[in-house]
Amino acid sequence: MSQSVLTGEKVLLRRLERDDLPRTWGWMHRPEIYERIGVTVPFSPTQQDAWFAKLEQATDKMVFAVCRLEDREHIGNVSLDMLDWRHRNARLSVFIALDGERGRGFGSDALRTLTTYAFSYLGLHKLWCKADAGDPRLRQFYERLGFVQEGLLREHEFKNGAFVDKAIFAILTGE
């Protein structure tokens, strides 16, 4: 896998580009996206441009466009952030923005592809993520991909007027 395009069974991952920003700006302002991934909205296109300029220089974050392999349409994003090169771990996240594409295996394939890249190419040892502890679909999603729940952050985030627990899931090289 090259660093510019990563190919899975259903998706290809390519670095997020400036041309993707108007589309992702719209996605990020939809409640089903920003509530799930924790983005603070609203933000302006100018603020997004400043974020992207920092991303292009960052050594601790990578964001990839998730594109359908069949037609290369951009359908979501996947990222590694909080990259800790010394301890060889990073947090990952994924979202599929197009309603009709959720539940079709694109998110799973994007995470499998990114995990392979992180372990094989970047030399990371551990990937982790956090998810709403009360969502059994998310638990099944991560466990099906080989992630193990490592812990629970009690009342960790404030959503819709209440504090919610977050589950921490992780996968190690070779699992």
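No experiment lies behind these values; they were computed from the predicted model shown.
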Parallel, tilted or perpendicular: rings of W25 and H29 (30°, 60°): tilted
Backbone N/O of H87 and side chain of D84: donor-acceptor pair under 3.5 Å: yes
Heavy-atom check, side chain of V66 versus side chain of F95, under 4.5 Å: no
Flag if over 12 foreign heavy atoms under 6.0 Å of CZ, R72: no
F64 vs V11 side-chain heavy atoms within contact, under 4.5 Å: no
Nearest-0.5 Å distance, CZ of residue R88 to CZ of residue F119: 10.0 Å
Gap between atom CZ of R104 and atom CZ of R68 - 0.5 Å precision: 7.0 Å
Contact check, side chains of V148 and L172, non-hydrogen atoms, under 4.5 Å: no
Residues, nucleotides or ligands: over 12 heavy atoms within 6.0 Å of E9 CD: no
Side-chain heavy atoms of E150 within contact of K126, under 4.5 Å: yes
Check: D109 side chain, F106 main-chain N or O, donor-acceptor pair, under 3.5 Å: no
Minimum heavy-atom distance T113-G8, with the two atoms named: OG1-CA, 3.3 Å
Contact summary for F43 and T40, nearest pair of heavy atoms: CD2-O, 3.5 Å
Approximate separation, where rounding is to 0.5 Å, of D60 CG and D81 CG: 7.5 Å
Taking every non-hydrogen atom, the tightest pair across A110 and V94: CB-CG2, 4.4 Å
Trace of the side-chain contact (heavy atoms from CB on, under 4.5 Å) decision for L6 with T116: CA-CA 10 Å; L6 312 173; T116 299; over 6 Å; no
Common cluster, L55/M62, ILVMFWY with side-chain heavy-atom separation under 4.5 Å: no
Polar side-chain atom of D165 near backbone of A133 as donor-acceptor pair, under 3.5 Å: no
Interatomic distance, R36 atom CZ to D132 atom CG [nearest 0.5 angstrom]: 7.0 Å
ILVMFWY network linking Y117 to L16, side-chain heavy atoms under 4.5 angstrom: no
Pairwise distance CD1(I75) to NZ(K10) - rounded to 0.5 angstrom: 9.5 Å
Ring centroid separation F169 to Y142 under 6.0 Å: yes
In one Ile/Leu/Val/Met/Phe/Trp/Tyr side-chain cluster, 4.5 Å: W128, L122: no
Sidechain-backbone polar pair: W85 side chain, T59 backbone, donor-acceptor under 3.5 Å: yes
Working for side-chain contact (heavy atoms from CB on, under 4.5 Å), residues E17 and H74: CA-CA 11 Å; E17 300 169 354; H74 182 194; over 6 Å; no
Whether D135 side chain and R137 backbone form a donor-acceptor pair below 3.5 Å: yes
Any donor-acceptor N/O pair, R30 side chain to A97 backbone, under 3.5 Å: yes
Heavy-atom side-chain contact between F52 and T24 under 4.5 Å: no
Shortest non-hydrogen contact from K61 toward L83: N-CD1, 3.7 Å
Donor-acceptor pair, side chain of R112 and main chain of L145, under 3.5 angstrom: no
Point-to-point distance, once rounded to the nearest 0.5 Å, from CD1 of I33 to CG of N77: 9.5 Å
Side-chain heavy atoms of W27 within contact of L98, under 4.5 Å: yes
R18/D49 salt bridge by N-O under 4.0 Å criterion: yes
Co-membership, hydrophobic cluster, residues L153 and M82, 4.5 Å side-chain: yes
Heavy-atom side-chain proximity of T7 to L69 below 4.5 angstrom: yes
Cluster overlap I37 with F141, hydrophobic side-chain contacts below 4.5 Å: yes
Side-chain touch H156/K130, heavy atoms, less than 4.5 angstrom: yes
Closest non-hydrogen atom pair between S79 and V63, with its separation: CB-CG2, 3.9 Å
Donor-acceptor pair, side chain of K159 and main chain of E35, under 3.5 angstrom: yes
